[in-house]
Structures are given as C-alpha cells and as structure tokens.
Amino acid sequence: AKASGRNCHQFFNQKIQLEAERIAQLHFHLKKAISQNELELFYQPIVNPLTGDIVKAEALLRWCHKGQYISPAEFIPIAEQSGLIVEVGEWVKTQAVITAMDLKKRGLHIPIAVNVSTLEFWSLELQTRFLQFFDNVVEKLNIDAFPYEMITLEITESLMMKQQKEVCELLSLLRQRGIKISIDDFGTGYSSLSYLVSFPVDQIKIDKSFIHQLETDPRHKALVEAIVSMSRALDLTVIAEGVETQRQLDFVNQQQIQAVQGYFYYKPMSKQDFFKLM
Ligand code: C2E
Ligand code: CA
Ligand code: CA
Ligand code: CA
C-alpha cells in the first residue's frame, strides 16, 4: 500500500509539473501572439427572436498557435495570471472598434459586445489606463470620435465586488458617453443582487448553464423566470445565452426575452463571415 501511495504521489507531482510547464509555455507564446498576428476576433450574432434580426454581436477571442487552436477558456486565465490580459484586452477593444466603425459606415447599428476581465480594473492605475484607452484609440485609428453607442462591455459578477466605488464611477462615466454595460454569466457568480441597483447596468446575460438545464431540472425554469421578472422591474434588458434547441427557444419566447445568443441561430464566426450576413 505504501509503494502504491508513493507512485500515486509521483504521478500527481508529474501531472502538476506538466501543467505548470504548459502554462509557462503558453504565457511565453501568448506574449508574442499579438505582434505575430495569431489572435483573431470571432463574432457571434445576437438575435431578436421575434424578427430574426441581428441586434448585437459578441466578440470572442481566438488563438491559433502553430496551427493549433487554443480555447480562450484556457489562455484567458493564463493572461490574467500574468497581467498580459491588459494588452490582450486593449487589442480586443481596438479590433472591436474597427469592426464597429465598419458596421457604422454601412449604416448598421449593431453594437459589438466585448468581454472585459476583472484584472483590467485591478488597480487605480489600470482603471486610469482603461479610461485613457478610449481617447488613445481615436488617435491611433485616426477616427473623428469614439463610437461609444456601438460598444457594450460584458463584465462578470465577481468584478462588482472589488473596488466597488471606483469601478462604479469608471463605468458610469463610460455609460454617460453611450457605452452599454452587460452583466455576463448572470446567476453564477457571487450573486449579490443589491449591486444591480447601485451599479450602472443596462443588460443581463443569463448564463448558458441555466438554459441548458431548463429541460432536465424544472427549478431552472423558476430561476430564469425570477431573473426575467426582476430584470423587467429594474428596467434591464435580458439576453439568453447558449440557446441551442427549439424547445429552449420556445421557453425563452414565453418569457418574452428580447435577445438570444446561441448555436440555434449562429455559432461564432470570422469577421469576414459575419459581414457576409449583412
Ligand atoms: P462567455 O463570455 O460566457 O462567452 C460565451 C461562450 O459560449 C463562448 O465560448 C461561445 O462560443 C459559447 N457559446 C455561444 N453559444 C453557445 C451555445 O449555443 N452552446 C454552447 N455550448 N456554447 C455557446 P468561447 O468563445 O469558447 O469563450 C469562452 C470564454 O472565454 C468566454 O465565455 C469568456 O469568458 C472568455 N473570452 C472569450 N473571448 C474573450 C475576450 O476577448 N476577453 C476576455 N477577457 N475573455 C474572453
Ligand atoms: Ca461574454
Ligand atoms: Ca457568458
Ligand atoms: Ca461564461
């Protein structure tokens, strides 16, 4: 028993070491990924289920490294750990603004939703940098003005807990300029509902885990119903994420949810494919 215990321990250590090596390697390569054009933004349309119109699109980051696709669920946490997320976030926002301007030029009001990481607001210094980005990018892209009304920031609940007052002020300022704020993965985080009132929020995205469990567990229906009625009372719009089936869509429609994102309508796609839809 002792011997096998040691083997198990060795195996475990080896696994951790391999994992650590992979993280270190990905970090090293991610640093170069931006300058070497390995990152790409995909776009997933968000649809008004009553008309089928595309009302918004979420920008989702893709990394193709040495011909291999690496999921954002893997490399975003690595970027966060190393602080690289700040550069990554600025790259993402810049690309999103370029796309938003292209849409605007075609007379299409389809705002682009960008995922913002907690770590981009971590310190006062980073908060200042976050705000300055919006002026800097106007110069960098040589555009007349920042298209605030074309950008939505998707923020997860956990962010709301840290430096409440400062982050709140920052987001309020951007919101006054026309940016929309969306709470991502709603219902999965630290769920302090009171911040919905005190925070500058326009929109809630119901996490796809709730949508996927609608059929197997009736309690999830009750949860979604509660989220929807609360959002209505607070004058927030709702997006249902991860809608894949007709039955899920039927439920979403029963709830009069205004916007739907999911494979039922569209998967995330390249910018080129996205523009072919217009
Ligand atoms: P998220 O913000 O919750 O994004 C939604 C995820 O659900 C995306 O995964 C999308 O492809 C996926 N999805 C959309 N519709 C469906 C559906 O019908 N069924 C299923 N099963 N999945 C669906 P993706 O693109 O792999 O991104 C994973 C996560 O990585 C995102 O989750 C977000 O947290 C993070 N992420 C992606 N891009 C960025 C970025 O530019 N910045 C930051 N900070 N995080 C990002
Ligand atoms: Ca999101
Ligand atoms: Ca989400
Ligand atoms: Ca998520």
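Positions are given from 1 along the sequence. Each ligand, and each atom within it, is numbered from 1 in the order the structure gives.
In the vicinity of Asp185, heavy-atom distances shorter than 4.0 Å reach the ligand 1 atoms 3 (O). Remark: ligand 1 atoms within the under-4.0 Å shell around heavy atoms of Gly262 are 15 (N), 18 (O). The contact set between ligand 1 and Gln44, taken as ligand atoms under 4.0 Å from a residue heavy atom, comprises 14 (C), 15 (N). Near Ser117, the atoms of ligand 1 lying under 4.0 angstrom from a non-hydrogen atom of the residue are 44 (N). Within ligand 1, the atoms closer than 4.0 Å to a non-hydrogen atom of Glu58 are 2 (O), 4 (O), numbered from 1 in the order shown. Listed by atom number, the atoms of ligand 1 under 4.0 Å from Pro268 heavy atoms are 11 (O).
Salt bridge Asp250/Arg247: absent, no basic N to carboxylate O contact under 4.0 Å. The pair Glu149-Lys180 does not meet the salt-bridge criterion, since no charged nitrogen lies less than 4.0 angstrom from a carboxylate oxygen. Taking 4.0 Å as the cut-off between side-chain N and carboxylate O, Lys205 and Asp185 do not count as a salt-bridged pair.
Residue contact check for ligand 1: Glu80 places no non-hydrogen atom closer than 4.0 Å to it. Heavy atoms of Lys205 stay at 4.0 angstrom or farther from ligand 1. Contact annotation: Glu244 has at least one heavy atom less than 4.0 Å from an atom of ligand 1. Heavy atoms of Glu120 come nearer than 4.0 angstrom to ligand 1 in no pair at all.
Within a 6.0 Å sphere centred on NZ of Lys271, other residues, nucleotides and ligands contribute more than 12 heavy atoms. When the shell of 6.0 Å around CD of Gln36 is examined, it contains more than 12 heavy atoms from other residues, nucleotides or ligands. Enclosure of atom CD in Gln17 is not indicated, since only 12 or fewer non-hydrogen atoms of other residues, nucleotides or ligands lie within 6.0 angstrom. Heavy atoms from other residues, nucleotides or ligands lying under 6.0 Å from CD of Gln246 number more than 12. Other residues, nucleotides and ligands place no more than 12 heavy atoms under 6.0 Å from the CG atom of Asp235. Heavy atoms of other residues, nucleotides or ligands lying less than 6.0 angstrom from CG of Asp135 number more than 12.
Nearest to atom 33 (C) of ligand 1 by heavy-atom distance, out of Leu119, Val116, Asn115, Ile85, is Asn115. Across Ser71, Pro72, Ser209, heavy-atom proximity to atom 29 (C) of ligand 1 is greatest for Pro72. Looking at Glu241, Arg62, Lys267, it is Arg62 that brings a heavy atom closest to atom 25 (O) of ligand 1.
Glu38 is not listed as a side-chain neighbour of Leu30, based on a closest heavy-atom distance of 4.5 Å or more.
Minimum-distance N/O/S atom of Glu58 relative to the Ca ion (ligand 2): OE2. If you look at Glu154 and ask which of its N, O or S atoms sits nearest the Ca ion (ligand 2), the answer is OE1. Nearest to the Ca ion (ligand 2), among the N, O or S atoms that Asp184 has, is OD2.
Between the OD1 atom of Asp185 and the OE2 atom of Glu241, the angle centred on the Ca ion (ligand 3) amounts to 140° when rounded to 10°.
Checked by atom type, the side-chain pair Lys56/Thr152 shows a donor-acceptor distance below 3.5 Å. Side chain to side chain, Thr237 and Gln258 fail the donor-acceptor criterion of an N or O pair below 3.5 Å.
Ring geometry for Phe146 versus Phe133: interplanar angle over 60°, hence perpendicular rather than tilted (30 to 60°).
Within the 4.0 Å heavy-atom criterion, the part of Val92 lying near ligand 1 is the side chain and not the backbone. Using a 4.0 Å cut-off between heavy atoms, Val114 makes no contact with ligand 1 at all. Under 4.0 angstrom from ligand 1, there are no non-hydrogen atoms of Leu41. Proximity of Gln261 to ligand 1, defined as any heavy-atom pair under 4.0 Å, is not found for any part of the residue. At a heavy-atom distance under 4.0 Å, only side-chain atoms of Lys208, from C-beta outward, approach ligand 1.
Listed here is the closest heavy atom pair of Leu171 and Pro200: CB-CG, 3.7 Å.
When distances to the Ca ion (ligand 2) are checked against a cut-off of 3.0 Å, Asn115 contributes an N, O or S atom below that limit.
Between Leu61 and ligand 1, a contact under 3.5 Å exists for at least one N or O pair.
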